[in-house]
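Along the sequence shown, residues are numbered consecutively beginning with 1.
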Amino acid sequence: MTRHARNCTAGTVYTYHERKKDTAASGYGSQKLRFGKDSVKDFDCCCLTLQPCKNPVVTPQGYLYDKEAILEYILHQKKEIARKIKEFEKQKNKVEAEMKELAKAEQESQTSKFVQQETNPISSKHAADKSAEASAAGPSVSNMNGTRSKALPSFWIPSLTPAAAPTKVEKPDEKVRCPMSGQVLKLKDLIDVRFTPINDRDNKTSLIKKSARYVCAVTNDVLGNSVPCAVLKTSGSVVTMECVEKIIKKDMVDPISGKKLTEKDIIPLQRGATGFTGTGVNLQASKAGPSLQC
């Protein structure tokens, strides 16, 4: 038998290849996978539908959405928040009612105890003497003495079976948040985006099948995942970051609309880069599984 064979079974060491092979076969251990190019979203695709945007809008953080998809998402989130708030208020009212009932029961118990002491002081004195003797005798070793029988529930007695309390509903967040950045998302903050289509004189091929679909609104450079680009808030046009650094930032004027720009008006567009490099995108997926110890 060869010494360095990959499938050698006579070795005393659990090799890396054997561990990976057993993990794939049995599911033990953490599994990791790197996404390829097909798993990375294109720069002009919606973050929700993962399809090229028909009516694109961008958030102040640079995430691109289709207007129809993001409006549907906001409406769904508002309905979900309203449902959670209603459920939370129902739980709150139920807890308040239970507290009122407990306070009422405690008050009635104290009243009946007071009435009993006033009507029969001898029996109350006898009970007090008994409790004083029990405390003076020291703690009992019996598990069933006093209230210990209630503290030690038995699974065969229904009255002593422990009950699980219902899940407590936490107060929901009343603000709609961006599904990508987690920041507060408002409808008025969405900015319409205008892509400049490429002039390749190809009217037969559909837009989704083209690898190069749009160009920079100023320099006509082809846009893609490997080209950093930005959206100008004043006009909604998409330009390359190279154009922003070399042309636009010299006088801070939008070359499309002619309006003055500020640093906040230049929104870097989030993109997926390629399968080899990532720009703010996690290309590594991992799934934790039960560990196998030898």
Side-chain angles (χ1 to χ4, degrees), residues 33-74 76-77 175-198 207-208 210-249 252 254-256 261-286:
L33 178 67
R34 183 177 175 83
F35 297 140
K37 184 179 179 181
D38 296 337
S39 302
V40 179
K41 182 186 74 68
D42 289 335
F43 78 101
D44 60 335
C45 291
C46 174
C47 293
L48 291 175
T49 63
L50 305 181
Q51 298 295 324
C53 297
K54 296 180 180 179
N55 191 6
V57 292
V58 68
T59 63
Q61 291 77 31
Y63 291 99
L64 194 72
Y65 296 100
D66 200 338
K67 195 169 187 177
E68 182 181 356
I70 194 62
L71 290 180
E72 185 177 353
Y73 171 81
I74 292 175
H76 174 73
Q77 289 297 314
K175 297 180 179 179
V176 179
R177 296 189 177 273
C178 176
M180 297 298 294
S181 64
Q183 300 293 327
V184 178
L185 182 62
K186 297 181 180 179
L187 189 60
K188 63 180 182 179
D189 294 335
L190 297 176
I191 304 164
D192 293 330
V193 178
R194 298 177 183 176
F195 285 106
T196 304
I198 188 171
L207 184 66
I208 194 172
K210 293 181 180 180
S211 58
R213 295 189 281 263
Y214 301 108
V215 296
C216 174
V218 179
T219 62
N220 283 334
D221 294 334
V222 178
L223 302 179
N225 275 10
S226 58
V227 180
C229 48
V231 178
L232 303 180
K233 187 177 180 179
T234 52
S235 63
S237 302
V238 182
V239 296
T240 60
M241 290 300 295
E242 185 179 4
C243 174
V244 171
E245 297 294 337
K246 294 183 178 180
I247 300 176
I248 297 178
K249 282 193 174 181
M252 293 300 287
D254 190 340
I256 307 300
L261 292 172
T262 60
E263 290 292 339
K264 293 183 178 180
D265 294 335
I266 302 174
I267 304 173
L269 194 63
Q270 301 290 339
R271 66 191 198 282
T274 65
F276 300 98
T277 59
T279 51
V281 180
N282 187 14
L283 299 177
Q284 191 82 15
S286 61

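A side-chain contact (heavy atoms from CB on, under 4.5 Å) with Leu190 holds for exactly one of Leu187, Asp192, Val193; it is Leu187.
Separation of atoms SG (Cys45) and CG (Leu64) is listed at 8.5 Å; rounding is to 0.5 Å. Summarising the geometry, atom CG belonging to Leu223 is positioned 9.0 Å from atom CD1 belonging to Ile198; distances are rounded to the nearest 0.5 Å. Glu242 contributes atom CD, which lies 8.5 Å from atom CD1 of Ile247 (distance to the nearest 0.5 angstrom). Between the SG atom of Cys229 and the CG atom of Asp221 there is a distance of 11.5 Å, given to the nearest 0.5 Å. In this structure, Ile266 CD1 and Met241 CE are separated by 7.5 Å, a value rounded to the nearest 0.5 Å. How far CZ of Arg213 is from CG of Asp42: 5.0 Å, rounded to the nearest 0.5 Å.
Side-chain contact between Tyr63 and Pro179: absent, with no pair of heavy atoms (C-beta onward) separated by less than 4.5 Å. No side-chain heavy atom of Val238 sits less than 4.5 Å from a side-chain heavy atom of Tyr214. For the pair Val184/Arg177, a side-chain contact is recorded, criterion being any heavy-atom separation below 4.5 Å from C-beta on. Residues Ile70 and Leu48 meet the side-chain proximity criterion, which asks for heavy atoms closer than 4.5 Å.
Heavy atoms only, all atoms of each residue included: Cys53 and Pro56 are closest at CB-CB, 3.6 Å. Taking each heavy atom of Val218 and Pro255 in turn, the nearest pair found is CG2-CG, 3.5 Å. Across Tyr73 and Cys178, no two heavy atoms sit closer than the pair OH-C, 4.5 Å.
Residue Gln77 qualifies as enclosed at atom CD: its count of foreign heavy atoms under 6.0 Å is above 12. Atom CZ of Arg194 has 12 or fewer neighbouring heavy atoms from other residues, nucleotides or ligands inside a 6.0 Å radius.
Every residue two or more places apart in sequence or in another chain that forms a side-chain hydrogen bond (donor to acceptor under 3.5 Å, both in side chains) with Ser235 is listed here: Ser237, Asp254.
Between the side chain of Asp265 and the main chain of Leu232, no donor-acceptor pair closer than 3.5 Å is present. Remark: the backbone N or O of Lys41 is paired with a side-chain donor or acceptor of Asn225 at under 3.5 angstrom.
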Q: Evaluate the side-chain contact (heavy atoms from CB on, under 4.5 Å) criterion for residues Leu185 and Ile74: first the C-alpha distance (whole Å), next the side-chain angles of each, then the deciding distance (0.1 Å), finally the verdict.
A: CA-CA 8 Å; Leu185 182 62; Ile74 292 175; 4.1 Å; yes
